[in-house]
Amino acid sequence: MACMAGPMEREGQEAAEKKPLLVRVVGSGSGDGQGGSASSSSSSVAVVVGCTAIAVAGSFEFGISVGYSSPTQLGIMRDLHLSLAEYSVFGSILTIGAMLGAVVSGSIADRAGRRGAMAISDILCALGYLLIGFSQNYWWLDIGRVLIGCGIGILSYVVPVYISEITPKNLRGGFATVNQFMICCGGSLAFVLGTFIAWRTLAIAGVAPCLLQLVGLLLIPESPRWLARFGHPGAFVVALQTLRGHGTDISEEASEIKVFTEKLQRLPKSKMLDLFQKDYIRAVTAGVGLMALQQLGGVNGILFYASEVFVSAGFPSGNTGTVAMAVVQVPMVGLGVLLMDKAGRRPLLMISAAGTCLGCLLVGLSFLSKEQHWERDLNVLALAGLVVFIGSFSLGMGGIPWVIMSEIFPINMKGSAGSLVTLVSWLGSWVVSYAFNFLLIWSSYGTFFIFATICGFTVVFVHRLVPETKGRTLEEIQASMNSSLTPFHKY
């Protein structure tokens, strides 16, 4: 771990050396008076956009990894002579690796920093895709898939956390949702490309986002809140000034972060078991509950094996359906990004969960009509239902739980809490992705009716237990959610 984190002094020096260069580039057009203020504001947004773009290259890799197994199923099974059970292991073992990555994600992000954690993830994902691309047998496939899983298990935690820690409160929701937008873009690209190119070629293409992010990480600042928490006061100020624009007065925000961090420093060092004390139980319930319900609603079973679902529903192939799913994801996530800081987190979550419930009901009815030999063929409901499901999921349930997870835990608990929440997410994903094919054999319509019930319960859960975090600073949200912190006021 020492080689990942490096000495604290060296990290601070590197941060201080890199930030002024970026400030000069983006702030060079600053002037005086109102023109200077407008230019400073523009520079601030430009820097945050650039940092977010580099961070979400990891999200794009995440999406490619999740979408990879659906269009490549037939090709891999044919070329490497895999049974359905063996391919189910390959598809679902990604989540085993992701659980391993999730367990250490908080610790790595705390020790190595947010940028260091993303770099480690990129290396793991690149190695994994190279193993799959050049695989000669079943073991190469599975080892590569586990390595990719470890990488995206870390990325799934650190990317939304980094984005939430660098963005202003009035932009945080929209920027954080770009994480899910890029996951959908990656998954959609994997769906589409997988229908035209060989599975080995698609695996090699998966290395490109890793290399892009590795280079980009050299150009962006570390999270100011991480620097403040781990004792880099000089680098903290430089990073925050870089993110807010060279001519912006950051004294109020810097004071707010410093005071809150000092308050957290006086609390005992956190352990995983501390999360279940009454001080943090509200945040843990909301974070863990959202992640569990997000996965148990069936999304990764559907994404991993979409082609098989369409064939089972009576379509001659899964290509048309998977392309339709890919097309609907991107605009729906884009709509969610636009509405995040206007409509709020809770309304979008409830609408999204209700839509996934409706989608599962439609797919279940399609399978029921096929099994009961109803007079009218309702297999078109499977296409409509899955498109409604994916579109609704992309609107809110895909990205907002990660946004809320990154907002509600104070930084002294964020490592432990992030590991727990990410682990729960990937555990639920593994259960669904591994069992999905076998559930379809047991009862295709029953499977989707179960998912519909879980999605319906999610609406109730969000209404009763999930807080609205729109328009509030991280410090305000965390103080209101955690009873160990006194009511927080701006400084």
Side-chain angles (χ1 to χ4, degrees), residues 61-100 124-153 186-208 210 298 300-323 325-326 386 426 429-444 447:
E61 180 66 30
F62 184 159
I64 291 176
S65 303
V66 171
Y68 179 83
S69 61
S70 178
T72 59
Q73 179 171 352
L74 295 178
I76 292 176
M77 290 177 67
R78 180 188 64 244
D79 293 349
L80 296 183
H81 311 292
L82 302 186
S83 66
L84 177 61
E86 288 172 328
Y87 192 81
S88 292
V89 171
F90 169 73
S92 63
I93 206 170
L94 177 82
T95 57
I96 299 293
M99 283 189 277
L100 296 175
L124 291 172
C125 288
L127 288 175
Y129 270 117
L130 290 174
L131 277 174
I132 291 175
F134 295 100
S135 62
Q136 301 299 315
N137 56 51
Y138 179 76
W139 291 106
W140 285 38
L141 275 179
D142 283 356
I143 293 172
R145 189 77 165 162
V146 168
L147 286 175
I148 295 170
C150 290
I152 67 173
S188 297
L189 183 65
F191 281 154
V192 174
L193 287 182
T195 62
F196 299 108
I197 65 176
W199 60 272
R200 293 185 188 275
T201 306
L202 186 59
I204 300 302
V207 178
C210 305
N300 274 339
I302 292 169
L303 289 175
F304 282 21
Y305 308 112
S307 296
E308 181 65 22
V309 173
F310 284 112
V311 171
S312 299
F315 288 86
S317 77
N319 290 346
T320 301
T322 53
V323 170
M325 289 170 57
L386 287 181
W426 285 108
S429 177
W430 174 77
V431 169
V432 171
S433 60
Y434 181 74
F436 188 78
N437 279 327
F438 302 107
L439 284 171
L440 285 181
I441 294 171
W442 162 70
S443 173
S444 52
T447 299

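Remark: W442 CH2 is packed, more than 12 non-hydrogen atoms of other residues, nucleotides or ligands lying under 6.0 Å away. Heavy-atom neighbours of F134 CZ from other residues, nucleotides or ligands within 6.0 Å: at or below the threshold of 12.
One distance of note links CD of Q73 with CG of L82; it measures 10.0 Å at 0.5 Å rounding. Here I76 contributes atom CD1 and H81 contributes atom NE2; the two are 13.5 Å apart, rounded to the nearest 0.5 Å. Going from atom CD1 of I148 over to atom OH of Y68 covers 8.0 Å, rounded to the nearest 0.5 Å. Annotation: the span from I143 atom CD1 to L131 atom CG amounts to 7.0 Å, rounded to 0.5 Å. Rounding to the nearest 0.5 Å places CZ of F196 at 12.5 Å from CG of L202. One finds the CD1 atom of I152 at 8.0 Å from the OG atom of S429 (value rounded to the nearest 0.5 Å).
In plain terms, the two heavy atoms of S69 and G91 that are nearest each other are CB-CA, 4.4 Å. The two residues L80 and R200 have their closest heavy-atom pair at CD2-NH2, 4.3 Å. Among all heavy-atom pairs drawn from L439 and T447, the shortest one is O-OG1, 3.0 Å. Of all the heavy atoms in L100 and C150, the pair that sits closest is CB-SG, 4.1 Å. Across C125 and G151, no two heavy atoms sit closer than the pair SG-CA, 3.8 Å. When all heavy atoms of P71 and A190 are compared, the pair lying nearest together is CG-O, 3.3 Å.
At least one side-chain heavy atom of L130 sits under 4.5 Å from a side-chain heavy atom of I204. Using a 4.5 Å cut-off on side-chain heavy atoms (C-beta onward), S65 and Y129 make contact. By the 4.5 Å heavy-atom criterion applied to side chains, L141 and W199 are counted as neighbours. Counting heavy atoms from C-beta outward, Y138 and V89 have side chains that approach closer than 4.5 Å.
Using a distance-only test at 3.5 Å, with no hydrogens or angles considered, no donor-acceptor pair links the side chain of Y87 to the main chain of L74. For the pair R145 (side chain) and I93 (backbone), a donor-acceptor distance under 3.5 Å is absent. In this structure, S135 contributes its side chain and I132 its backbone to a donor-acceptor pair below 3.5 Å. Side-chain N or O atoms of N137 include one that pairs as donor or acceptor with a backbone N or O of W140 at under 3.5 Å.
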